[in-house]
Amino acid sequence: MPDASFSKSPIDIASGHTVRRYDEELAKLRGIILEMGERVVEQTQSAVVALVERIEYQAYRVLDREPLIDYLSLDADEEIFRVIARRQPAAIDLRIVLALSKIAGEVERAGDKAARIARQALESLTLFNANPDLSSDELKEQLQQLNDKACCMFERSIRAVATFDVKLALGIFEDEPNLYSASNEVRQVLGESNHENLTPRQVVCLLTTAHALERIGNHASTIAEQVIYVALGQDVRYRNREILIDTLRHYGY
Amino acid sequence: MSTTVEAMDKAMSVMSSVELASAQHSRETVGDFTADDPRMTCRNVDVWYGSKQAIKNVNLDIGKNEVVSMIGPSGCGKSTFLRSLNRMNDTIVGCRVTGSIKLDGEEIYDKGLDPVPLRARVGMVFQKPNPFPKSIYENVAYGPRIHGLTNNKAELDELVESSLMKAGLWKEVKDRLDQPGTGLSGGQQQRLCIARTIAVSPEVILMDEPCSALDPIATAIVEELIDELRQNYSIAIVTHSMQQAARVSQRTAYFHLGDLIEVGETNHIFTNPQHKLTEDYITGRFG
């Protein structure tokens, strides 16, 4: 029997408060999170290109831009404090503010993962310079696929935040197996015999990158959980994912 | 009194004809309106001012040792409903209450029931502090004296002291009990009115926006008092401050155009209300 608590109609965040300034404050807060999310996607893609294509300046650029996401995270925190102090949000507004606070943390940590990949790109330039052919086309392709999966999930999670869209959030949960499968394939390729000439340090470098990309996908899932929390008022963290997906589908999402 | 009815008619006439037509049909209440251990039970309560229906088929329990807050926009009927719980509406010409309201299983609108002792059992604290133009002592002693609750002066003194202590006012006034109650600050006057209500040993205390005329410090003191009083009494409070409802009550009831739209645990109502009207009201999206 599906959980009836999910039967609540999705919210309409477009319907405004009597105090329009309140709407503006929440929109500003959401805007900061969306900007952070866009930057994270951009940073991740640049970092992976820097690693795969061995572009040093691009890796440095990712590292240089990483603090911008941190500063936006501080702006989000400040805005959250202001909204709580001024408006004492309740119900959906309270859920929005609490969720955006958690989402800001998730996005900021996803940004850290992009920077970690950029550092791996710089390290690989040193490690692979001795033998440039070590990073095979197959490995590049698998890494790129994992990157596409992770970035796609993350980008959709940010779009879901823009409108607290349950369908988009559900799609992210449904994509989790694909993410893990792409991540496993990278590990598998790294373990194949034609890569036996990779040094342990080089393997660690590529595994770290794969792990970081998988974690970005995990951040997307956590953000999707918060979207469900805002839209349906249900805390779905730690719930069995398959049952959750079935329940959401049952209610037409 | 007829002016009150006229005023009500005038207020109701601002509703559009469409709203009035729909107002005749009550909405189903979302949430559990029953209490585990009810002190008062209200079933299918309708209240009419002349031909205008102010309360529509409301069902609600007020449990022992709980605070139930009633919230909603102006004119939604929450004060009307509160006043019907101790027959205060009897004093309004043209006001008619139907349905069942029971106090400890006893129908309060039974023709044989005297409303005066009922109002001692179901006390009321109003929006504006309204001490009698008498001394602090007399304000508290008046009720017990007319209801014959004490046998001698010593007992009355003791009752006045304990009532003022329960209202958290004793320390502030014990040395000036003979001074006029109207000379106290607004917050103290409201606590004096609460002491006056407590003095006649009520079972239920009704509060109609008890803090709306008080500053934040006096409000905090009264809210603390409400929490303490809950240990001994059942309390129903009407408030326009949603933060206050969230702070002081265990259950919250949301009224809209005479309907009880939603009732539930306060924590739930203020974090995840089920009805859109409740959500719109408490998030300030109403209207």
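Order of the sequence lines fixes the chain letters, A, B, ..., with proteins taken first and strands second; residue numbering starts at 1 for each chain.
The distance from atom CG of A/L98 to atom OG1 of B/T271, rounded to the nearest 0.5 Å, is 10.0 Å. A distance of 9.0 Å separates CG of B/N272 from CG of A/L232, quoted to the nearest 0.5 Å.
Around the CD atom of B/Q231, the shell of radius 6.0 Å holds more than 12 heavy atoms that belong to other residues, nucleotides or ligands. Crowding of A/F81 atom CZ: a count of heavy atoms from other residues, nucleotides or ligands under 6.0 Å not exceeding 12. Shown here is A/H211, whose NE2 atom has no more than 12 heavy atoms of other residues, nucleotides or ligands within 6.0 Å. More than 12 heavy-atom neighbours from other residues, nucleotides or ligands sit within 6.0 angstrom of CG on A/N240. Open room surrounds CD on B/E265; 12 or fewer heavy atoms of other groups in view lie less than 6.0 Å from it.
Shown here for A/Y22 and B/T283, the closest heavy-atom pair between the two residues is CE1-O, 4.2 Å.
The residue from A/D93, A/T18, A/D23 that alone fulfils the side-chain hydrogen bond (donor to acceptor under 3.5 Å, both in side chains) condition with B/R285 is A/D93.
A donor-acceptor contact shorter than 3.5 Å links the side chain of B/E279 to the backbone of A/I92.
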